[in-house]
Peer 1: 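Below is a structure I'd like to ask you about.
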Amino acid sequence: MKSQKKVVVFTGAGMSADSGVSTFRDADGLWENHRIEDVCTPQAWARNPQAVLDFYNARRAQLDEVEPNAGHRAVARLEKYFDRMVVVTQNVDDLHERAGSTRIIHLHGELRKARSERDPTVIVPAPGPTYLGDKGPDGAQLRPHIVFFGEAVPEYERALEAVRDADLFLVIGTSLAVYPAAGLIYQLRPEVPVWLVDPKPARVTIPNPLTVIAAGAASGVPPLVERIVAAETGE
């Protein structure tokens, strides 16, 4: 029997770091040797769309060189035991999908998709590169389906609804520094247990029962998932 409890897993860049996907908040603050201001803002897109397309085309190609890690696979395994399990991720890669997770909310967009620069609801698959001159169904230039810094987060309300309804909450590989996503943890009901897995865990002050695991996703998540499954389902 599957548990009817709702599990929400909230993941950040550290979730994919063990797969070799670089993060932009490490050390020098650059993302693949680029300043965020040059590749991930509306101003950058208006100033030099070619540079932005080139950057995300390279990130998309990088996905073909990496694989889900043991942490991704352990998260996907939870769906076998919990009917109401949702992944809320800040990551724009497709590693959760490739690991087998099927209920995913991408807060910050998806590399494998593009969207109209005129209408953010016009979204198309982008398995390969996109170029200047590539148009969406509405005739507008296609841009990366990425939430640039300074833009609204369209999926936030859906994530908020999922978190407020959670019975168990796992936080994996996030600094809890990027808002509004970082604020989700403060929307939990106070009795909901929280597990925080990160090599350098953020310090959070919440009323919830909190277990901190100072480890990377690949090493820290699989044993945690096994413990949760055993405790909640008896398997």
Peer 1: Quick check: does any side chain N or O of Glu232 sit under 3.5 Å from a backbone N or O of Val229, one acting as donor and the other as acceptor?
Peer 2: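 No, the answer is negative, given that no donor and acceptor are paired below the 3.5 Å cut-off.
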Peer 1: Hey, is the main chain of Glu117 close enough, under 3.5 Å, to the side chain of Arg143 for a donor-acceptor pair?
Peer 2: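 No, the answer is negative, given that no donor and acceptor are paired below the 3.5 Å cut-off.
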Peer 1: Looking at every heavy atom in both Glu191 and Pro209, which two are closest together, and how far apart are they?
Peer 2: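 Shortest heavy-atom separation between Glu191 and Pro209 comes out as O-CD, 4.0 Å.
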Peer 1: Hey, does the side chain of Asp134 reach the backbone of Thr130 with a donor-acceptor pair shorter than 3.5 angstrom?
Peer 2: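 No, Asp134 side chain to Thr130 backbone: no donor-acceptor pair under 3.5 Å.
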Peer 1: Quick one: does Ile185's side chain get under 4.5 Å of Val163's, heavy atoms only?
Peer 2: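 Contact flag for Ile185/Val163 side chains = no.
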Peer 1: Which heavy atom of Val147 sits nearest to which heavy atom of Ala152, and what is that distance?
Peer 2: CG1-O, 3.3 Å
Peer 1: With a 3.5 Å distance limit and no angle check, can you tell me whether Asp18 reaches the backbone of Ala217 through a side-chain donor-acceptor pair?
Peer 2: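 Yes, because the side chain of Asp18 sits within donor-acceptor range (under 3.5 Å) of the backbone of Ala217.
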Peer 1: Taking a hydrophobic cluster as the set of Ile, Leu, Val, Met, Phe, Trp and Tyr residues connected by side-chain heavy atoms closer than 4.5 Å, whether directly or through intermediates, do Met85 and Val88 fall within one such cluster?
Peer 2: no
Peer 1: Are Gln141 and Trp45 side-chain neighbours, meaning at least one heavy-atom pair lies under 4.5 Å?
Peer 2: yes
Peer 1: Using 30° and 60° as the class boundaries, would you call the ring planes of Phe10 and Phe169 parallel, tilted or perpendicular?
Peer 2: parallel
Peer 1: How long is the straight-line distance from OG1 of Thr174 back to CD of Gln90, given to the nearest 0.5 Å?
Peer 2: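 Between atom CD of Gln90 and atom OG1 of Thr174 there are 4.0 Å.
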Peer 1: Could you give me the CA-CA distance, side-chain angles and deciding distance for Asp165 and Arg84, then say whether salt bridge (charged side-chain N to carboxylate O under 4.0 Å, His left out) is met?
Peer 2: CA-CA 10 Å; Asp165 195 32; Arg84 303 168 64 231; 2.6 Å; yes
Peer 1: With a 4.5 Å cut-off on side-chain heavy atoms, are Asn208 and Pro193 touching?
Peer 2: no
Peer 1: Same hydrophobic cluster for Trp195 and Leu78, using side-chain heavy-atom links shorter than 4.5 Å among ILVMFWY?
Peer 2: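 Result: yes, single cluster for both.
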Peer 1: Any ion pair linking Asp83 and Lys6 (charged N to carboxylate O, less than 4.0 Å)?
Peer 2: no
Peer 1: Give a yes-or-no answer on whether the side chains of Thr89 and Thr11 include a donor-acceptor pair shorter than 3.5 Å.
Peer 2: yes
Peer 1: Enter the distance from Ile172:CD1 to Asp198:CG here, rounded to the nearest 0.5 Å.
Peer 2: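 Reported value, rounded in 0.5 Å steps: 10.0 Å.
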Peer 1: Would you call Asp167 and Arg189 a salt bridge, taking side-chain N to carboxylate O under 4.0 Å as the test?
Peer 2: yes
Peer 1: Closer than 3.5 angstrom, by distance alone: can the side chain of Ser219 be matched with the main-chain N or O of Ala215 as a donor-acceptor pair?
Peer 2: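 The answer is no, because no donor-acceptor pair under 3.5 Å joins these two groups.
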Peer 1: Given the rule that I, L, V, M, F, W and Y join up when any side-chain heavy atoms are under 4.5 Å apart, are Val52 and Val92 in one cluster?
Peer 2: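 Yes.
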Peer 1: Kindly say whether Gly12 contributes a backbone atom to a donor-acceptor pair with the side chain of Asn91 at under 3.5 angstrom?
Peer 2: yes
Peer 1: Examine distances only and state if a side-chain atom of Ser101 and a backbone atom of Arg103 form a donor-acceptor pair shorter than 3.5 Å.
Peer 2: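 Absent.
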Peer 1: Is the shortest side-chain heavy-atom distance between His72 and Ser16 below 4.5 Å?
Peer 2: yes
Peer 1: Side chains of Glu67 and Ser19: do they bring a donor and an acceptor to under 3.5 Å?
Peer 2: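 Distance-only check fails for Glu67 and Ser19.
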Peer 1: Nearest 0.5 angstrom please: Glu157 CD to Ile105 CD1, how far?
Peer 2: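 Reported value, rounded in 0.5 Å steps: 11.0 Å.
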Peer 1: To the nearest 0.5 angstrom, please state how far the CD atom of Glu155 sits from the CD1 atom of Ile104.
Peer 2: 12.0 Å
Peer 1: Where do Tyr179 and Gly183 come nearest, in terms of heavy atoms and distance?
Peer 2: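 Here Tyr179 and Gly183 meet closest at CE2-N, 3.6 Å.
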Peer 1: Salt bridge check: are Glu110 and Arg112 linked by an N-O gap of less than 4.0 Å?
Peer 2: no
Peer 1: Tell me, do Val86 and Val7 make a side-chain contact under 4.5 Å, heavy atoms counted?
Peer 2: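 Side-chain contact under 4.5 Å: no.
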Peer 1: Restricting to non-hydrogen atoms, name the atom on Pro222 and the atom on Ala70 that form the minimum distance, rounded to 0.1 Å.
Peer 2: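 Heavy atoms of Pro222 and Ala70 come nearest at CG-O, 3.7 Å.
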Peer 1: Quick one: are Leu196 and Thr211 in side-chain contact, heavy atoms under 4.5 Å?
Peer 2: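 No; the side chains remain at least 4.5 Å from each other.
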Peer 1: So is Arg77 actually on top of Tyr81's ring, under 6.0 Å and inside 45° of the axis?
Peer 2: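 Output no; distance or angle outside limits.
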Peer 1: At what distance, to the nearest 0.5 angstrom, does OG1 of Thr41 lie from CZ of Phe149?
Peer 2: 9.5 Å
Peer 1: Would you indicate whether the side-chain heavy atoms of Leu184 and Tyr156 approach each other to under 4.5 Å?
Peer 2: yes
Peer 1: Is it true that His106 and Glu97 share a donor-acceptor pair across their side chains at a distance under 3.5 Å?
Peer 2: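 Yes, side-chain donor-acceptor contact under 3.5 Å.
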Peer 1: Determine whether a donor-acceptor pair (N or O, by modelled atom type, separation under 3.5 Å) exists between the side chain of Arg115 and the backbone of Val122.
Peer 2: no
Peer 1: Shortest non-hydrogen contact from Ala76 to Gly100?
Peer 2: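 That closest heavy-atom pairing would be CB-C, 3.8 Å.
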Peer 1: Counting only N and O atoms by type, is there a donor-acceptor contact under 3.5 Å from the side chain of Tyr56 to the main-chain atoms of Val39?
Peer 2: yes
Peer 1: Do Leu168 and Val87 land in one hydrophobic cluster if side-chain heavy atoms of ILVMFWY residues count as linked below 4.5 Å?
Peer 2: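 Yes; tracing contacts between hydrophobic side chains, which count when under 4.5 Å, links both residues.
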Peer 1: I'd like to check Arg98 versus Leu63 (side-chain heavy atoms, cut-off strictly below 4.5 Å). Are they in contact?
Peer 2: yes
Peer 1: So which atom in Pro129 and which in Tyr131 form the shortest heavy-atom distance, rounded to 0.1 Å?
Peer 2: CB-OH, 3.4 Å
Peer 1: What's the separation between atom CG in Leu53 and atom CG in Leu142, rounded to the nearest 0.5 Å?
Peer 2: 9.0 Å
Peer 1: When hydrophobic residues are tied together by side-chain contacts of less than 4.5 Å, even through go-betweens, does Val194 share a cluster with Leu160?
Peer 2: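 Yes.
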Peer 1: Evaluate whether atom CD of Glu161 has more than 12 neighbouring non-hydrogen atoms of other residues, nucleotides or ligands under 6.0 angstrom away.
Peer 2: no
